[in-house]
There are 2 protein chains.
Amino acid sequence: MDLTERKLKILQAVIADFIRTAEPVGSRTISKNYELGSPATIRNEMSDLEELGYLTHPHTSSGRVPSEKAYRLYVNELMKKRELTQEQKDAIARDLYSNVTELENLIERAAHVLSEITNLTAFALSPEKEQDKLKYINLLPVDPKTVVLMLVAESGEVSNTAVRLDKPASEDTLRILAKNMTYNYSGKTLSEALTTDIIKTFKADAEAMAMFEHNIAPSFIKSLEDMLNVNLYMDGLTNIFSLPEYNDIDKARNFFELVNRKQDIMQKLSSRGDGVLITIGGENEDEELSDCSVITATYHVDGKLVGKLGVIGPTRMKYGEVTSVVEYLTDNISKAFRLTEGEGDDS
Amino acid sequence: MDLTERKLKILQAVIADFIRTAEPVGSRTISKNYELGSPATIRNEMSDLEELGYLTHPHTSSGRVPSEKAYRLYVNELMKKRELTQEQKDAIARDLYSNVTELENLIERAAHVLSEITNLTAFALSPEKEQDKLKYINLLPVDPKTVVLMLVAESGEVSNTAVRLDKPASEDTLRILAKNMTYNYSGKTLSEALTTDIIKTFKADAEAMAMFEHNIAPSFIKSLEDMLNVNLYMDGLTNIFSLPEYNDIDKARNFFELVNRKQDIMQKLSSRGDGVLITIGGENEDEELSDCSVITATYHVDGKLVGKLGVIGPTRMKYGEVTSVVEYLTDNISKAFRLTEGEGDDS
DNA sequence: GTTAGCACTCGCAGCGATAGAGTGCTAACA
DNA sequence: TGTTAGCACTCTATCGCTGCGAGTGCTAAC
């Protein structure tokens with residue numbers, strides 16, 4: 001790793017140029033635009049860099065292209081995180097908060113903003129809710145044989161489902177059931193609630209029990225599952241059409257088919273580590289992503305809810321810029337939601 | 001329009017062949033595969049058909065391609081709606097009902113199934129809810145300064161929002177407000193509720209009024225708007241990559257950019273008429289759709305909720321087959337939901 | 001009215017020639 | 001010893017040319 005100063009500068013120049021133009025970079029170009037010596041000198045240095053594995057050659061008589069190793073070095077040491085300008089920050093904030101009332105909404109917007117700024121395909125996962133706790137459960141009569149099962153979580157999320165009953169239920173019965181449920185489940189995390197054997201925890205008369213078991217419990221489980229569900233938002237899919245690496249129709253097709261498998265994508269993303277994480281080309285375990293880079297970051301809401309967002313694009317991407325934006329966005333989501341939740345926490 | 005029998009048959013043959021192969025159809029092909037005369041005869045007839053505007057010529061020495069006028073004739077008179085086989089119907093039903101509990105879910109699935117069967121891009125709009133009526137409104141205390149505003153509509157849809165209050169509210173106050181709201185709004189359609197001047201209809205003490213006006217009314221309006229919102233589901237976007245007409249990267253790009261503008265698409269779709277509707281190429285008012293055909297159909301739930309689904313694809317599409325599938329699907333959605341709703345209507 | 005035959009048109013794949021970008025190597029220079 | 005100018009060489013991309021094949025339109029015969 002003991003590259004000379006000049007080699008580092010040349011490498012950086014090649015990477016910068018290639019990221020900008022997507023064309024192999026020749027020695028003359030570097031020589032002209034940077035004060036690093038004559039084309040011949042640059043050539044010699046480039047030749048060394050190639051031997052060291054930082055550059056490659058599409059064919060003998062073409063310029064140099066950075067290897068994954070080069071990008072890795074760039075990301076770790078050379079790249080400067082470009083701090084966003086105030087204007088950019090303002091623009092992001094404006095876009096992000098316009099017309100947003102719910103977290104899901106904010107997340108969706110974040111994916112949108114991210115794709116707009118980076119000109120890449122962006123995604124965002126709504127928070128994982130394993131740690132969210134049930135706070136309050138209620139059963140509300142709508143008509144004699146319909147009740148609404150309402151669950152409120154500590155995060156503020158509310159779920160409700162209309163439940164059909166086999167026989168009419170008295171308000172009393174409902175009240176008892178709801179009380180019982182709240183007593184047994186409030187304070188439990190959603191996943192705990194889901195794995196608790198529901199029936200055993202109950203005390204009520206036979207009729208109420210039967211109703212609970214046959215009508216309410218299934219809906220309760222379904223609601224919990226729904227609340228636990230993580231949503232994936234994607235945006236900027238068509239941005240790849242502007243990238244020369246996807247000019248080939250088959251490449252474009254593969255990309256779309258990849259990102260269309262939402263289940264796969266969600267799994268891949270959620271298995272990634274925390275913080276800002278950059279994986280380049282073959283560093284992605286996934287064969288299909290071997291010529292893409294993926295940048296993800298984690299946002300936290302109230303130190304409990306955790307979600308991810310990021311971009312996917314060709315290995316040639318503006319790592320510095322994208323990283324800054326992704327960081328800024330995750331910070332802002334955390335802030336925005338601590339704020340909303342905070343309004344109430346002081347009571 | 002007084003085409004001879006043979007001309008009609010030839011036209012039909014050309015259309016069928018072109019729909020299958022996407023290649024201009026030559027006279028020899030027709031002559032070999034159908035008993036309609038020698039190549040020379042067919043050529044003469046084709047020449048006539050061209051003069052009448054039913055066929056065109058990409059260039060002098062290539063086969064014939066059907067014009068939009070030809071497709072229109074085909075759709076109106078020549079095409080046989082291919083009744084689905086029992087297997088196909090079963091497969092659809094299986095796909096459609098697997099794991100479906102809510103209407104939204106069913107609609108989303110319908111779009112999926114439709115795209116799978118037709119190999120085209122399919123979309124489905126969730127029902128318009130202007131005619132849905134409010135049935136029941138409730139305000140439920142969660143903690144001293146949080147209540148949940150719950151709206152239940154006659155269609156069974158339930159909406160709720162957590163509302164933060166400026167000051168704690170007593171259960172009594174909430175009960176009075178909820179009663180008042182139910183009294184004033186139940187039986188009103190969602191749009192009526194939205195246009196009713198909310199404050200005027202109220203009678204309550206000053207404090208309750210203030211709380212209603214500042215905290216609850218805005219959430220109420222938002223909830224109504226949410227409930228009125230129509231969702232667009234699309235599926236099978238990548239199917240166009242299998243179509244030769246989208247082998248050109250620019251064509252593909254345009255298509256994706258078109259269907260990505262969801263707002264536009266929704267507007268275009270909802271402004272279309274009822275029943276099964278086929279628009280071919282230039283018949284679409286929209287410039288961008290001028291080389292596409294669009295087939296939509298309307299589904300009804302309980303004779304009240306109305307939504308649309310359909311496909312979009314090149315003018316060369318299997319009109320007969322697609323029409324049948326679209327019809328079968330809309331019928332089944334109507335049935336499926338009359339069923340679910342029906343369970344309760346007998347009470 | 002139908003059909004065989006034939007000249008003609010046009011798109012397309014394959015081929016070679018050419019230009020241009022860029023390298024690697026050698027030799028000279030500081 | 002490191003740097004640089006010069007030059008031969010390599011490889012790609014582009015253009016024009018050619019020949020092939022598919023298909024037409026027309027004419028004349030049936």
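So that the names make sense, note that chain A is the first sequence line, chain B the second, and so on, each numbered from 1.
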Which pairs, protein N/O on one side and nucleotides 23-26 of chain D N/O on the other, fall under 3.5 Å?
residue, atom, partner, partner atom, Å
dT24(D), OP1, S27(B), N, 3.3
dT24(D), OP2, S27(B), N, 3.3
dT24(D), OP2, S27(B), OG, 2.7
dG25(D), OP1, R64(B), NH2, 3.3
dG25(D), OP2, R64(B), NH2, 3.3
dG25(D), N7, R43(B), NE, 2.9
dG25(D), O6, R43(B), NH2, 3.0

Which atom pairs, donor and acceptor, lie under 3.5 Å between side-chain atoms of residues 117-124 of chain B and protein residues at least two apart or in another chain?
residue, atom, partner, partner atom, Å
T118(B), OG1, L114(B), O, 2.7
T118(B), OG1, L120(B), N, 3.2
T121(B), OG1, G236(B), O, 3.3

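Residues G37(B) and P58(B) each lie close to DNA chain C; by heavy-atom proximity, the contact nearer the 5' end of the strand is made by G37(B).
Take N254(B) and apply the side-chain hydrogen bond (donor to acceptor under 3.5 Å, both in side chains) test, not counting sequence neighbours, and it matches no residue. Partners of A13(B) by side chain to side chain contact (heavy atoms under 4.5 Å, CB included), not counting sequence neighbours, listed by chain and number: I30(B), Y34(B). In this view, D248(A) and D250(A), K251(A) satisfy the side chain to side chain contact (heavy atoms under 4.5 Å, CB included) rule, not counting sequence neighbours. In this structure, the side chain to side chain contact (heavy atoms under 4.5 Å, CB included) partners of K7(B), at least two apart in sequence or on a different chain, are L3(B), T4(B), E45(B), D48(B), L49(B). Partners of E245(A) by side chain to side chain contact (heavy atoms under 4.5 Å, CB included), not counting sequence neighbours, listed by chain and number: A22(A), L243(A), P314(A), R316(A). Take R253(B) and apply the side-chain hydrogen bond (donor to acceptor under 3.5 Å, both in side chains) test, not counting sequence neighbours, and it matches S242(A), E257(B). Qualifying side-chain hydrogen bond (donor to acceptor under 3.5 Å, both in side chains) partners for R20(A), counting only residues two or more places apart in sequence or in other chains: D17(A).
Within the structure, salt bridge (charged side-chain N to carboxylate O under 4.0 Å, His left out) contacts touching residues 272-285 of chain A (residues at least two apart or in different chains) are R72(A)-E283(A).
Aromatic ring pairs are classed by plane angle as parallel below 30°, tilted from 30° to 60° and perpendicular above 60°; the pair F256(A) and F256(B) is parallel.
Within residues 4-16 of chain B, the residues approached by DNA chain C to less than 4.0 Å at the level of any non-hydrogen atom are R6(B), in residue-number order.
As rounded to whole Å, 13 Å separates atom P of dC12(C) from atom CG of N247(B). In this structure, L36(A) atom CG and dT3(D) atom C1' are separated by 14 Å, rounded to whole Å.
In DNA chain D, stems built from 3 or more consecutive Watson-Crick or G-U wobble pairs, each with both distances under 3.5 Å, span C:1-30 with D:1-30.
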